[in-house]
Amino acid sequence: MAAALPPSLTIDPVARRVTLSPRDPAFTQDPYPAYRAIREACPIFFWEEYGHWCCAGHAEVNALFRDRRFGRDIPAPSKAALGWPEPPEHLAPFYAFESRSMLEREPPDHTRLRTLVNRAFVSRIVERLRPRIEALAHALIDAFESGTIDLLKAFAEPIPVTIIAEMLGVELAMAPQLLDWSHRMVAMYHFGRTRAVEHAAVAATQAFEAFIRDLLPDRRHHPGEDILSLLLAAEASGERLDENELVTNAILLLNAGHEATVHAIGNAVAVILSGGHDPAALFGSPAATAANVEEMLRFDPPLHMFTRYALEPVSIAGANLHFGDRIGLLIGAANRDPAVFADPDRLVPARAPNPHVSFGGGIHFCIGAPLARLELQVVLPILFARLPGLRLAEEPRYGDRYHFHGLERLMVRV
């Protein structure tokens, strides 16, 4: 029986207009029926609540990730010419921080920053972390108490924040504080944020920046093998990286490297346990593990929308976008497109081919993808091998924080 559509959903296929509250509980808990209905009616549509265009088909999303007529930012003079307002004064520190992120830059600045940071994330470097990730997974499981636990807090959350903190050379005792800052900053991207959320995000941004800046003098005099030392060496050798950019992109790596991976792990465990899948078969070999991690990333990804701006007038499948128009690329919808994925609403073990777009595409393809893949390929087999009787203690419930898609908690019986 088909899942019910969210009550707030209305679709006008002729006008290509959709109304759908991103906070509709039916949508936050299971967005895929709405995606399917929208994709079948109008793969490119104007989402009223967001006030911008979106695309839901795999072909469109995949193409737009790579289309250089679209970008993450447009020049400041163009913003002024378009009449874009300046950020509210109380948000100026947050947007000043964000503007220095390589995620928000276009070439040549993006190329310069990504080239420097990418040195720490190439696959051969990331693979060296495998023993540490394995040891951490075992240590966390050893600390589990019998009974019911929240697997997000006890397992999914500590792993990525520990690994990225160690890569940055940050003391692990700071992990709870780093997580708090990260959560408050990322809340800026949730639909329907409040003034209180904005103030909390600005305070977290300023505190996080101050913390990273305080680490730099010692790291300059006593460099290690961490990312901060690597970036400081680039700064010292004149590779056009200033301290503000260094601080922003170090924080970006922790925020992005933690938030998405936590929920990728949580979503995958929930899918396996609620779907009655056999972990021994899913993770029976390195090849099976790699293939099934990709399928879990396709089936229930942790990020569901990424946005671009039109850098020139563009017509996409009959939708006419003007210079400066924003468009949302719906990753969760594209990953369930039946034109590309047979039986898309079912987890298909070792699905091949599997051209999911969970890591984006083009020049902004997720720089942390090799690390995220490694963490999932290591920790999921260990978890289910160590705990073959793992069961859900309650139905998983997703958080009200679209465009992210992750669980509020994951209560399991150990």
Side-chain angles (χ1 to χ4, degrees), residues 1 3 25-33 133-134 136-160 259-286 288-304 332 335-336 341 343-351 354 356 358 372-401 404-414:
M1 189 171 86
F27 180 68
T28 58
Q29 296 312 305
D30 185 4
Y32 300 106
I133 299 169
E134 291 174 344
L136 180 57
H138 282 294
L140 290 169
I141 294 170
D142 288 342
F144 287 176
E145 296 181 358
S146 296
T148 300
I149 63 168
D150 181 356
L151 201 70
L152 281 186
K153 295 292 184 185
F155 189 74
E157 196 169 83
I159 290 171
E259 294 283 345
T261 308
V262 168
H263 294 299
I265 294 171
N267 292 1
V269 173
V271 165
I272 292 169
L273 294 181
S274 61
H277 300 283
D278 178 11
L282 293 175
F283 308 124
S285 69
T289 297
N292 288 316
V293 162
E294 297 304 309
E295 174 64 348
M296 291 171 208
L297 287 167
R298 177 201 72 83
F299 186 77
D300 203 25
L303 179 66
H304 276 216
N335 280 354
R336 298 282 189 106
F341 304 100
D343 203 1
D345 295 318
R346 186 171 69 88
L347 188 81
V348 176
R351 180 189 291 272
N354 193 346
H356 68 77
S358 298
R373 283 179 162 130
L374 178 65
E375 289 175 327
L376 287 160
Q377 290 170 14
V378 169
V379 306
L380 292 174
I382 289 174
L383 177 70
F384 286 102
R386 290 284 308 272
L387 302 171
L390 195 66
R391 296 290 183 271
L392 290 174
E394 63 180 40
E395 183 177 352
R397 183 164 184 82
Y398 292 88
D400 175 15
R401 48 178 171 258
F404 297 96
H405 183 66
L407 299 168
E408 291 180 338
R409 59 184 184 177
L410 182 54
M411 303 306 296
V412 296
R413 291 192 180 91
V414 177

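Small disclaimer: the values here were computed from a predicted structure and weren't measured.
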Trainee: Which heavy-atom pair separates N335 from S358 by the least distance, and what is that distance?
Mentor: ND2-OG, 2.9 Å
Trainee: If you look at every heavy atom in N292 and P349, which pair is closest and at what distance?
Mentor: OD1-CA, 3.1 Å
Trainee: Can you check whether F155 reaches V262 side chain to side chain, under 4.5 Å on heavy atoms?
Mentor: no
Trainee: Would you give the length of the straight line joining atom CG of L347 to atom CE of M296, rounded to the nearest 0.5 angstrom?
Mentor: 6.0 Å
Trainee: Roughly how far apart are D142 CG and R386 CZ, rounded to 0.5 Å?
Mentor: 4.5 Å
Trainee: List the steps, then state whether side-chain contact (heavy atoms from CB on, under 4.5 Å) holds for V414 with E145.
Mentor: CA-CA 8 Å; V414 177; E145 296 181 358; over 6 Å; no
Trainee: Taking the inter-plane angle between the rings of H304 and H405 on a 0 to 90° scale, is it parallel (under 30°), tilted (30 to 60°) or perpendicular (over 60°)?
Mentor: tilted
Trainee: Atom CD1 in I159, atom CD1 in I265: separation rounded to 0.5 Å?
Mentor: 5.0 Å
Trainee: Is there a side-chain contact between R351 and F299, using heavy atoms and a 4.5 Å cut-off?
Mentor: no
Trainee: Do the charged groups of E294 and R373 touch, with an N to O distance under 4.0 Å?
Mentor: yes
Trainee: Less than 4.5 Å apart, side chain to side chain, heavy atoms only: is that true for L407 and R397?
Mentor: no
Trainee: Should V269 and L380 be marked as a side-chain contact (heavy atoms from CB on, under 4.5 Å) after you check the CA-CA gap, both sets of side-chain angles, and the distance that decides it?
Mentor: CA-CA 8 Å; V269 173; L380 292 174; 3.7 Å; yes
Trainee: Can you confirm whether I272 sits close enough to P279 that some side-chain heavy atom of one is under 4.5 Å from a side-chain heavy atom of the other?
Mentor: yes
Trainee: Quick check for you: to the nearest 0.5 Å, what is the distance between D400 atom CG and F27 atom CZ?
Mentor: 11.0 Å
Trainee: Hey, does L392 have a side-chain heavy atom less than 4.5 Å from the side chain of L410?
Mentor: yes
Trainee: How far does NE2 of H263 sit from CG of D300, to the nearest 0.5 angstrom?
Mentor: 11.5 Å
Trainee: For T261 and A372, work out which heavy atoms get closest and say how close.
Mentor: OG1-CB, 4.0 Å
Trainee: Do you know the tightest heavy-atom contact between P396 and A270?
Mentor: CG-CB, 3.9 Å
Trainee: Please examine the side chains of L297 and L376, heavy atoms only from C-beta on, and report whether any two atoms are closer than 4.5 Å.
Mentor: yes
Trainee: Show the nearest heavy-atom pair for residues R346 and R298, with the distance to one decimal.
Mentor: O-NH2, 3.1 Å
Trainee: Could you walk me through whether Y398 and N267 pass the side chain to side chain donor-acceptor pair (under 3.5 Å) check?
Mentor: CA-CA 9 Å; Y398 292 88; N267 292 1; 4.6 Å; no
Trainee: Taking all non-hydrogen atoms of both residues, which atom of P301 and which atom of G332 are closest, and how far apart?
Mentor: CG-CA, 4.1 Å
Trainee: Is the shortest heavy-atom distance from the side chain of F384 to the side chain of L390 under 4.5 Å?
Mentor: yes
Trainee: Is the closest side-chain heavy-atom distance between E295 and V348 below 4.5 Å?
Mentor: yes
Trainee: Atom CD in E395, atom CG in L273: separation rounded to 0.5 Å?
Mentor: 13.0 Å
